[in-house]
Amino acid sequence: ITFIDVYEVKMLEQFVRLLFEQVPAPVFLIYVDKKGVIRYANKEFIKLIGGNKLEDVIGKIPLDFYTTETIRKSGGMLTHTQVMESGKPIINIEDTIEVYSTGKKIPVLRSVIPIYINGEIQGALIVMVDITNLRKKEKEMKELLNYVRLCLTKLSKAIEELSEGYLDVKVEKVREDEFGKTFDKFNEFVERLRGIIMTLVKEMEEAVKGVEEAMNAIEQINSGMEQ
């Protein structure tokens, strides 16, 4: 962002104030000067660090209030200081804020954008977007996929066992949901199939017994005739 005259400097100040007032939660905004000192911060950031008013943060540096996972792991790199030295922005790094005053750890998308005035870097805008809800949704989706995978594995194994002739196979349901209903129907089907097969086996055994009795009777008749 480049501002080339005094008018645009004034516009920058108004823009920063308007931006900080209008950007909705859950976005944390900090504007630092070229020395890395906080000049503006939005209400969400002030509330995040346990403050009550803008004066609680002005004149201090961001790392007085928090660190982040990537800053800690990089040995203090990936900060607004690095951005102002290099002139290259940091855009949407997945990170975790660790707030000193509360001990809170919040997953964020963190960006740091250099601010230019008359072609020279005069500060940086730090933008951190709370992605807690997104992470929760991701976790829910992973749990759902794992559950679906578990249910399909159970059903597939049961069908395989049934095809191999195991009539005592039964699928234990995990939840009372659509998968649970499917498992109940499968178990009912297996129970009916077992009943049908047991009936057929019994009838076949009776038929075989009848044939054997008939054969014995014929043999006895033949023996009597030969005598």
Side-chain angles (χ1 to χ4, degrees), residues 1-139 142:
I1 305 172
T2 304
F3 295 85
I4 58 174
D5 56 30
V6 174
Y7 173 75
E8 290 190 344
V9 171
K10 294 295 183 182
M11 291 296 292
L12 168 63
E13 292 179 356
Q14 292 180 20
F15 167 75
V16 169
R17 290 180 182 275
L18 181 64
L19 177 67
F20 283 27
E21 290 173 1
Q22 298 299 321
V23 170
V27 179
F28 310 113
L29 296 176
I30 309 167
Y31 175 65
V32 297
D33 62 21
K34 60 183 178 182
K35 294 181 180 179
V37 175
I38 297 175
R39 292 305 176 195
Y40 300 104
N42 71 341
K43 293 178 181 178
E44 290 299 317
F45 177 74
I46 295 169
K47 185 166 61 175
L48 173 70
I49 55 91
N52 297 308
K53 54 188 181 302
L54 185 58
E55 287 72 21
D56 292 335
V57 298
I58 285 181
K60 298 180 181 179
I61 64 173
L63 297 186
D64 284 339
F65 302 104
Y66 69 88
T67 187
T68 77
E69 187 175 343
T70 57
I71 289 174
R72 193 179 64 253
K73 288 182 177 179
S74 66
M77 302 297 286
L78 300 177
T79 65
H80 56 277
T81 303
Q82 180 188 359
V83 166
M84 287 190 288
E85 288 176 352
S86 67
K88 296 179 180 179
I90 295 171
I91 302 295
N92 286 345
I93 293 179
E94 284 200 32
D95 211 340
T96 301
I97 308 174
E98 299 177 16
V99 183
Y100 295 136
S101 61
T102 63
K104 284 184 180 178
K105 293 185 178 181
I106 302 173
V108 297
L109 286 178
R110 185 168 65 90
S111 299
V112 185
I113 304 166
I115 302 296
Y116 289 85
I117 299 176
N118 296 330
E120 295 183 3
I121 293 176
Q122 297 297 321
L125 182 63
I126 301 169
V127 182
M128 296 180 288
V129 181
D130 187 341
I131 57 172
T132 300
N133 291 335
L134 180 60
R135 288 282 177 86
K136 286 180 180 178
K137 291 295 182 184
E138 288 178 352
K139 184 179 179 181
K142 287 180 181 178

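Heavy-atom basis, side chains included; hydrogens, waters and symmetry copies ignored. Keep in mind that what you see is a predicted model, and the values were worked out from it rather than measured.
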Asks: In chain order, what residues pass the side chain to side chain donor-acceptor pair (under 3.5 Å) check against Gln122, with sequence neighbours excluded?
Replies: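 Scan of Gln122 (side chain to side chain donor-acceptor pair (under 3.5 Å), adjacent residues dropped) gives none.
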
Asks: Provide the full list of side-chain hydrogen bond (donor to acceptor under 3.5 Å, both in side chains) pairs with a residue in residues 53-62, sequence neighbours left out, each pair given once.
Replies: Lys53-Asp56

Asks: About how many Å separate CD of Glu85 and NE2 of His80, when rounded to the nearest 0.5 Å?
Replies: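 The distance works out to 10.0 Å.
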
Asks: Can you list the steps and then say if Leu63 with Ile71 is a side chain to side chain contact (heavy atoms under 4.5 Å, CB included)?
Replies: CA-CA 10 Å; Leu63 297 186; Ile71 289 174; 4.1 Å; yes

Asks: Given Glu69 and Arg110, is the salt bridge (charged side-chain N to carboxylate O under 4.0 Å, His left out) satisfied, shown in steps?
Replies: CA-CA 11 Å; Glu69 187 175 343; Arg110 185 168 65 90; over 6 Å; no

Asks: Considering all heavy atoms of both residues, which atom of Ile113 and which atom of Val83 are nearest to each other, and what is their separation?
Replies: C-CG1, 4.4 Å

Asks: Can you tell me how far OH of Tyr40 sits from CD1 of Ile58, rounded to the nearest 0.5 angstrom?
Replies: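 With rounding to 0.5 Å, CD1 (Ile58) is 7.5 Å from OH (Tyr40).
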
Asks: For the pair Val112 and Thr79, evaluate side chain to side chain contact (heavy atoms under 4.5 Å, CB included) and give the outcome as yes or no after the intermediate values.
Replies: CA-CA 7 Å; Val112 185; Thr79 65; over 6 Å; no

Asks: Where do Val32 and Met84 come nearest, in terms of heavy atoms and distance?
Replies: CG2-CE, 4.3 Å

Asks: Between Pro107 and Arg135, which heavy-atom pair has the shortest distance, and what is it?
Replies: CB-NH1, 3.3 Å

Asks: Knowing that exactly one of Asp95, Ile97, Ile106, Ile93 qualifies, which makes a side-chain contact (heavy atoms from CB on, under 4.5 Å) with Met128?
Replies: Ile97

Asks: How close do Gly36 and Pro62 get, heavy atom to heavy atom, and via which atoms?
Replies: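 Looking at all heavy atoms of both residues, the closest pair is O-CD, 3.5 Å.
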
Asks: Between Thr67 and Tyr100, is a side chain to side chain contact (heavy atoms under 4.5 Å, CB included) present by the stated rule, with each step listed?
Replies: CA-CA 8 Å; Thr67 187; Tyr100 295 136; 3.4 Å; yes

Asks: With heavy-atom distances below 4.5 Å as the criterion, would you say the side chains of Val129 and Val108 are in contact?
Replies: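 SC-SC contact between Val129 and Val108 ruled out.
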
Asks: If the condition is side chain to side chain donor-acceptor pair (under 3.5 Å), which residues does Asp130 pass it with, not counting sequence neighbours?
Replies: Thr132

Asks: As a quick check of understanding, evaluate side chain to side chain contact (heavy atoms under 4.5 Å, CB included) for Leu48 and Tyr66, giving each step before the final call.
Replies: CA-CA 10 Å; Leu48 173 70; Tyr66 69 88; over 6 Å; no

Asks: Tell me which pairs pass salt bridge (charged side-chain N to carboxylate O under 4.0 Å, His left out) where either residue lies in residues 26-36, with sequence neighbours left out.
Replies: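 Listed by first then second residue: Asp33-Arg39.
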
Asks: Using side chain to side chain donor-acceptor pair (under 3.5 Å) as the criterion, list what pairs up with Glu98, not counting sequence neighbours.
Replies: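 Partners of Glu98 by the side chain to side chain donor-acceptor pair (under 3.5 Å) criterion, ordered by chain and then number, come out as Arg72.
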
Asks: Measure the spacing between NZ of Lys43 and CG of Leu54 and express it to the nearest 0.5 Å.
Replies: 10.5 Å

Asks: Excluding sequence neighbours, so at least two apart, what forms side chain to side chain donor-acceptor pair (under 3.5 Å) with Ser111?
Replies: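 For Ser111 the side chain to side chain donor-acceptor pair (under 3.5 Å) partners, ignoring immediate neighbours, are Asn92.
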
Asks: Look up atom CD1 in Ile30 and atom CD1 in Ile49, then write down how far apart they are to the nearest 0.5 Å.
Replies: 9.0 Å

Asks: What heavy-atom pair brings Ile46 and Ala41 nearest, and what distance separates the two atoms?
Replies: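 Nearest pair, atom of Ile46 first, then Ala41: CD1-O, 4.0 Å.
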
Asks: Within a strict 4.5 Å, meaning less than it, do heavy atoms of the Ile38 and Phe65 side chains meet?
Replies: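 Yes, close enough: below the 4.5 Å cut-off.
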
Asks: Quick one: closest heavy-atom pair of Gly87 and Pro114, and the distance?
Replies: O-CG, 3.7 Å

